[in-house]
Amino acid sequence: MLNRLANTIVVLDFETTGLSPATGDRAIEIGAVRLQNGVVVDSFQQLMNPGQRVNSFIEQYTGISNEMLADAPSCEQVMNDFADYIGDDNLLAHNASFDKKFLDAELQRVGRSYSGQFACSLLVSRRVYQDAPNHRLGTLVKYKDIASDGDFHRALFDSQMTAKLWLEILSDIETKYQIEQVDFNLIKKLSSLSKAKVDGYLRSIS
DNA sequence: TGCCAGGCCCTCTTTAGGGCCTT
């Protein structure tokens with residue numbers, strides 16, 4: 001892996017009681033890995049008790065049961081620890097708008113915040129892998145032939161897979177366009193371009 | 001009873017609608 005991946009980034013994934021904190025949904029698990037120089041240097045995983053029962057769909061979808069959550073620490077306790085973990089690092093998630101709204105909502109409850117910027121592997125993959133069958137995390141992992149031995153829809157595993165996908169995206173851009181430095185800022189730039197303009201832009205800077 | 005997410009992105013578009021993605 002070349003020196004171009006020097007940026008540190010925290011890749012995170014939430015499991016939640018539903019789709020929106022605005023309608024009362026809460027986080028039930030957070031998983032994250034920290035990438036430095038393209039290598040996972042540490043990780044964070046914690047179930048958290050949302051103070052409400054999760055429905056059967058969520059139990060089945062995530063494999064996280066009400067029984068498992070009963071003895072888990074509170075969201076407030078876990079999110080305080082997680083705020084310490086992420087520090088000032090930039091952040092990445094697959095469909096980041098979803099994880100960002102839960103991160104913001106849960107941190108607001110404990111009076112914490114963060115200074116890093118979010119990148120989204122879903123938005124980038126739609127631009128870089130335009131021939132993929134779809135852009136779900138599991139599909140992209142298969143599409144890129146990324147080794148995966150674990151349970152999708154658990155927070156740590158999904159964050160690990162997102163991290164591997166992220167490195168694959170960086171590597172593929174570097175190889176295809178012979179770009180020496182694919183960093184967080186370039187990815188943010190790509191995410192602001194339409195799909196049709198990404199190829200031309202990358203050729204223009206290679 | 002009826003409500004029930006929201007940002008992105010494409011197109012049969014922009015005075016809009018609907019699929020994709022996340023749980």
Side-chain angles (χ1 to χ4, degrees), chain A residues 9-33 44-69 72 75 78-79 82 86 91-109 117-144 146 148 150-166 168-169 187-201:
Chain A
I9 189 167
V10 170
V11 188
L12 64 95
D13 182 71
F14 277 104
E15 304 306 318
T16 70
T17 64
L19 289 172
S20 175
T23 56
D25 288 318
R26 300 293 305 272
I28 58 173
E29 186 182 41
I30 179 68
V33 298
F44 186 104
Q45 185 275 329
Q46 186 61 59
L47 290 171
M48 57 190 116
N49 189 327
Q52 58 184 257
R53 289 186 63 80
V54 300
N55 63 41
S56 58
F57 170 80
I58 295 297
E59 283 191 316
Q60 189 161 30
Y61 186 78
T62 64
I64 299 169
S65 66
N66 284 291
E67 188 179 16
M68 292 164 67
L69 295 174
C75 293
V78 171
M79 293 309 299
F82 189 62
I86 60 180
L91 305 168
L92 168 71
H94 197 69
N95 199 9
S97 68
F98 174 85
D99 293 280
K100 182 179 187 302
K101 66 185 179 183
F102 275 96
L103 181 64
D104 291 352
E106 293 293 349
L107 287 183
Q108 187 176 28
R109 286 173 173 268
Q117 294 184 65
F118 257 98
C120 177
S121 53
L122 170 64
L123 296 185
V124 186
S125 67
R126 280 177 175 159
R127 289 161 173 76
V128 176
Y129 301 136
Q130 298 187 20
D131 293 335
N134 61 56
H135 298 86
R136 295 173 202 157
L137 179 60
T139 301
L140 291 168
V141 165
K142 277 186 186 171
Y143 178 72
K144 292 308 301 178
I146 293 169
S148 63
D151 297 320
F152 282 104
H153 308 306
R154 285 301 299 267
L156 180 60
F157 185 74
D158 280 4
S159 70
Q160 290 168 332
M161 292 301 101
T162 302
K164 287 185 178 183
L165 175 63
W166 176 254
E168 197 74 19
I169 290 170
I187 294 293
K188 291 287 283 184
K189 170 68 178 177
L190 295 183
S191 300
S192 74
L193 298 174
S194 70
K195 279 166 62 175
K197 289 185 175 173
V198 164
D199 184 71
Y201 176 78

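To find a chain, count down the sequence lines: A is the first, B the second, and so on, and within it residues start at 1.
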* To do: Work out which heavy atom in A:Trp166 is nearest to a heavy atom in A:Ile187; give both atom names and the distance.
  => CH2-CG2, 3.4 Å
* Scan A:Arg127 against the nucleic acid and name what it touches under 4.0 Å (heavy atoms): base, sugar-phosphate only, or nothing. => sugar-phosphate
* N/O (side chain, A:His135) to phosphate O (OP1/OP2, B:dC21) under 4.0 Å -> yes
* Between A:Lys100 (NZ) and B:dG6 (P), how many Å, whole number? -> 14 Å
* Kindly write out the residues that satisfy side-chain contact (heavy atoms from CB on, under 4.5 Å) with A:Val78, not counting sequence neighbours, or none if the list is empty. => A:Ile30, A:Phe44, A:Gln46, A:Met48, A:Pro73
* Considering only B:dA5, B:dT23, B:dC21, which nucleotide approaches the side chain of A:Thr16 most closely? -> B:dT23
* To do: Answer with base, sugar-phosphate or nothing: what part of the nucleic acid does A:Asn134 contact at a heavy-atom distance below 4.0 Å?
  => sugar-phosphate
* Base, sugar-phosphate, or nothing: which does A:Asn55 touch, judged by heavy atoms less than 4.0 Å apart? -> nothing
* Asked: If you look at every strand shown and take non-hydrogen atoms under 4.0 Å, does A:Phe57 touch a base, only sugar-phosphate, or nothing?
  -> base
* Under 4.0 Å: is that the gap between some side-chain N or O of A:His153 and OP1 or OP2 of B:dT23? -> yes
* To do: Under 4.0 Å between any heavy atoms, over every strand shown, what does A:Leu137 touch: base, sugar-phosphate, or nothing? Just pick one.
  => sugar-phosphate
* For A:Asp13, report the nucleic acid contact type (base, sugar-phosphate, nothing); a contact means any heavy atom under 4.0 Å. => sugar-phosphate
* Asked: Of all the nucleotides listed (B:dT23, B:dC20, B:dA5), which has the minimum atom distance to the side chain of A:Ser20?
  -> B:dA5
* Across the strands shown, which category fits A:Lys195 at heavy-atom distances under 4.0 angstrom: base, sugar-phosphate, nothing? -> sugar-phosphate
* Would you mind classifying the nucleic acid contact of A:Thr62 as base, sugar-phosphate or nothing, using non-hydrogen atoms under 4.0 angstrom? => sugar-phosphate
